[in-house]
Each structure stands twice: as C-alpha cells, then as structure tokens.
Amino acid sequence: MNLRGIGLVFALLASGAKTARAEDALNSSDKPTPEEQQQKKKEPPDGKFELNVVPIVGGSTDIGIGGGVFGGLSRVKKGHEPFLWDVQTAATFTFREHNGALQSPYQDVYVKLIVPQFLGLPLRLEVRPSYTWEQTLGYYGVGNASVAPSNAASGYEQYGRLHPAFDVFGRLKVVDHVAAQVGMRYTQNSVQVDPSSKLAQDLASADPEIHSLVHGPTGMHGVALFQYGLQWDNRDNEVSTHSGMFHEITVKASPGGTPEFPYRYGQANAKARFYIPIIKPRLTLALRAVVDALVGDPPFYELSRFDDTYAIGGSNGVRGVPGQRYSGKIKAFGNIELRSEIVKFRALKKNMIFGAVGFFDGGRVWADWKPEPQLDGTGLGLKYGTGGGLRLQSGDTFVIRLDVAWSPDATPIGAYFGADQMF
C-alpha cells in the first residue's frame, strides 16, 4: 500500500497459536532462556499453528481513506523449514467522496497458499487467486523524462483497471541451492479510460514511437503468461535473512495475437540479492539489483511494472516515487537496506523481534530498446528515494513492515505498510 499526501498508517498485531515454540537462539553465543527451553519441551510432535492478524488503516488524496487486514496462518514443525504450509491473505478497501457520491477507488483481495515440500518432494507450490480494482491508477507518459503531474489528484493523469488474476507457481530443487521454476498466470482485464485524459491522448497519438508503445484495447481482455526460470538460493533463513544470496533469472511469455488475448510479448527479469552479516544477527546489510525488460507488444500498464508490482516507485521498487510514475520497456534499479534487530521479546504467546531499517533505492527506465532522447532525456537520469522503517517479526513465519521514504518525486513523502521483508 502506497500512502501519499494525507497518508496515515496504523497497525495492531493480534495473534494466537494453539501451541508456542521458542525460536532458536539469535546466534551461537545466545543461550535459550529457561522459558524458551520450557516452550520447546511443550511443542507437540506434529508441530504447531501460527496465526497472525494485522488490521490497517490508511489512504491518500488519490485513493481516499480506508482499511483492511493482513493475515497469515502457518503450520510449523521442527525439521520442516520454514513451515509445513502457509496461507497468507490480505484485503484492502478505500472510500472517498467524488462529485457528491461515495465511491471505492481501490479494492484488493488475495489469498496465497505456500507448500515448501509439496507431496513430500523438494517441490515448492504456490497458488494465489486475487481480485484488484483500481480506479485512480496513474499514467504520466512513457520514458524516463516524462513530465511530472501538476496535481497529484488530477483525473487527467488517471485511469481505471479491474484485474482479477489466478497464479500457479512451482519450484523444483535440482541440486543444492539450485532450483528450476515454472508457473502460469491468467489475468482478466477491464481498462477504463477518460476520453480527456493523458492516456487517451497517447492511445490516439499520431507519433509512431508513442503509438508503438501505448496502444491496444481499453475494454475487456485477457492476458495469459507462462513463466520459466532458475534460482540460486543459499540464504540462512527465508523469512528474515541474515546471510547468503538469492538470485533469479526468469522468462515470461504471452502467446497473444487473438481478439480475446491481444497482447503478444515476452519479458526477461534478473534479480540478484546479497545478505551480508555485519553483527549477526543484530545488523545485516541487504543488497538487491533488478533488471526487467519487455519485448514485442506488451500492455501499456505493464510498462511501469515488474513481478506484478511497480519498479521505479511503489512499495517494492524505488520507494518514495509514486507507484506508476515512470514507464518503459526496460527498467533497472537497486536497493540498499541496513537492517537491525533491536530487541527480542515474547508477547501473545509468541516470540517477537522488533527492528529498524535504513534504506536507499535508485534506478531509471528506458522507453524502448533504441535510443529515445525525447522520451528518456540525456544523462544519468537517476530516480531515487531514501528513508527508514520499522520491522516486527511475529513467530517464525510472519514479518510486518512500515517504511517512510523521501524522494524528489515524492508528494511530499511515500509511506508503505505491508507483510514480509521487501526482498
């Protein structure tokens, strides 16, 4: 969730478990407390459940004020890291007054099932149905030099997109630390464009370069994506990593070329992540570099995105920059986080770790594969954001995060609340 303008975030952690288990000592020099030893003795042989529920309230000048909930239910058992299975869910709804009527410009609901060892095999299965309805998405033109909006809440730079989706993803271990992945996503899209908007002007543009990048149906249409990739993963912990690396190369293809599936394109994505312990586990330097490239005839709304989230902007890319601010076929960015674990405590029958993060994000886009200085400008053109945040790990499987970021593109700051570490 990206909260700008009048953004407000409130989180309350309410959680319970059928049983509780003390986590391993934070490092080899930390001995378990008597309470932790007693909790370990109480753990049943078939494991325990971990339940986490996090209500949220927030909003912005674009999407109004609303709220929702993050939740997670995990089955945790010794010898099965990080869990036997995990179900994550989130629901967010916002409301605002528009022309004398109450509307809900942002609705998002998803459920995600994760089974790390499906059927007892080294096969990780993920299934994720979702429903998303966004009436105030931003479109500011294509390229790294696109002009900033004169009014953050202006309808001229907005459009709507309804896009329920269904994802199935599998990852099979090949050898130690190496896994192959395959997946499929189907998205049903309905795009609504105001005839007087910036997007409508670019869709009807006589400029051949703009037309080659921004075109296609704006009503109902489907997109089917098939995904293949390789991973290298030697992290010490999947939920909150203190050491190791996690790298991915992914290729996606949309066959398209029919009235129902009009977009035929490909996407290549490379991500490198490094986790360097400075004072393990109290202080960790986390680094990520991402390159994402589109070829063929992609939908215009994918020009600002990677991995179903926003690249140069938003809560999972370059924080501080509005989520849809920059669009292009090629995106490159990086993130630096200094993560600390300040205090470990026990509450609500579970182990908790409270920490803080400082970060710097930066990157840029290129409109197309050939030079387009009229769209991308000249020079470095770096877009960046910097700030800090808080982290709370609840039990062994759930992390909530709150980040606040400043950027030259921010209006005036970006605030983000979500589940899991950013990377």
Side-chain angles (χ1 to χ4, degrees), residues 1-5 59-66 68 91-110 129-142 146-147 149-166 185-207 210-225 254 256 258-265 294 297-305 308-311 313-314 322-328:
M1 175 181 286
N2 177 6
L3 308 177
R4 295 181 281 121
S60 76
T61 53
D62 289 347
I63 65 173
I65 299 296
T92 307
F93 300 88
T94 65
F95 302 90
R96 72 172 185 177
E97 186 275 333
H98 182 68
N99 294 331
L102 183 66
Q103 63 175 202
S104 179
Y106 182 81
Q107 305 169 24
D108 183 63
V109 181
Y110 75 83
S130 62
Y131 170 89
T132 308
W133 176 211
E134 301 167 284
Q135 298 186 41
T136 54
L137 286 168
Y139 175 80
Y140 310 101
V142 180
S146 59
V147 179
S150 57
N151 183 348
S154 171
Y156 175 69
E157 284 108 357
Q158 293 179 349
Y159 70 98
R161 179 177 173 234
L162 171 66
H163 51 107
F166 185 81
R185 163 178 294 164
Y186 175 75
T187 307
Q188 185 66 33
N189 298 274
S190 178
V191 179
Q192 298 181 357
V193 181
D194 188 312
S196 63
S197 66
K198 168 68 173 173
L199 177 57
Q201 292 178 8
D202 281 5
L203 285 168
S205 175
D207 185 319
I210 296 296
H211 181 72
S212 70
L213 295 169
V214 185
H215 62 277
T218 58
M220 191 77 70
H221 63 277
V223 174
L225 272 176
S254 172
T258 69
E260 296 79 13
F261 300 90
Y263 294 106
R264 177 178 293 175
Y265 69 100
L294 293 160
D297 185 26
F300 67 86
Y301 47 79
E302 292 296 342
L303 296 176
S304 62
R305 291 155 47 98
D308 200 35
T309 188
Y310 298 108
Q324 307 94 42
R325 178 64 184 87
Y326 294 99
S327 298

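These figures come from a predicted structure and were not determined experimentally.
- Residues that satisfy the side-chain contact (heavy atoms from CB on, under 4.5 Å) test with Q192, not counting sequence neighbours, are W133.
- The two residues P195 and A200 have their closest heavy-atom pair at O-CB, 3.5 Å.
- Put simply, the side chain of P299 reaches to within 4.5 Å of the side chain of Y265, judged on heavy atoms.
- Note: L213 CG to D297 CG = 10.0 Å, rounded to the nearest 0.5 Å.
- P262 and P217 get closest at one heavy-atom pair: CG-CG, 3.5 Å.
- For the pair Q135 (side chain) and S104 (backbone), a donor-acceptor distance under 3.5 Å is present.
- One distance of note links CG of L199 with OH of Y156; it measures 10.0 Å at 0.5 Å rounding.
- Two residues are said to be in side-chain contact when any heavy atoms from C-beta on lie closer than 4.5 Å; Y310 and P322 fail this criterion.
- Between Y263 and H215, the ring planes lie tilted relative to each other; the angle falls in the 30° to 60° range.
- For L294 against E302, the heavy-atom pair with the smallest separation is CD1-O, 3.7 Å.
- Note that the OH atom of Y131 and the CG atom of L162 stand 5.0 Å from one another [nearest 0.5 Å].
- With sequence neighbours left out, N189 forms a side-chain contact (heavy atoms from CB on, under 4.5 Å) with R161, H163, T187, H221, V223, Y301.
- A pairwise comparison of heavy atoms in V142 and G328 identifies CG1-CA, 4.5 Å as the closest pair.
- With rounding to the nearest 0.5 Å, the separation of CD in E157 from CG in L137 is 13.0 Å.
- Looking at residues two or more places apart in sequence or on another chain, you find a salt bridge (Lys or Arg N to Asp or Glu O under 4.0 Å) between D308 and R185, R305.
- Closest approach of R96 to G64, counting heavy atoms only: CB-CA, 3.8 Å.
- Between G155 and S197 the shortest heavy-atom distance is O-CB, 4.3 Å.
- Side-chain atoms of M220 and S190, non-hydrogen and from C-beta on, do get closer than 4.5 Å to each other.
- Atom CD of E134 is separated from atom CD of Q158 by 11.5 Å, given to the nearest 0.5 angstrom.
- Atom OH of residue Y159 and atom OG1 of residue T136 lie 10.5 Å apart, to the nearest 0.5 angstrom.
- Looking at residues two or more places apart in sequence or on another chain, you find a side-chain contact (heavy atoms from CB on, under 4.5 Å) between S196 and D194.
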Could you go step by step and tell me if V193 and Y139 meet the side-chain contact (heavy atoms from CB on, under 4.5 Å) rule?
CA-CA 11 Å; V193 181; Y139 175 80; over 6 Å; no
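- Considering only residues two or more places apart in sequence or on other chains, D202 meets the salt bridge (Lys or Arg N to Asp or Glu O under 4.0 Å) condition with K198.
- For F93, the side-chain contact (heavy atoms from CB on, under 4.5 Å) partners are A91, F95, Q107, V109, not counting sequence neighbours.
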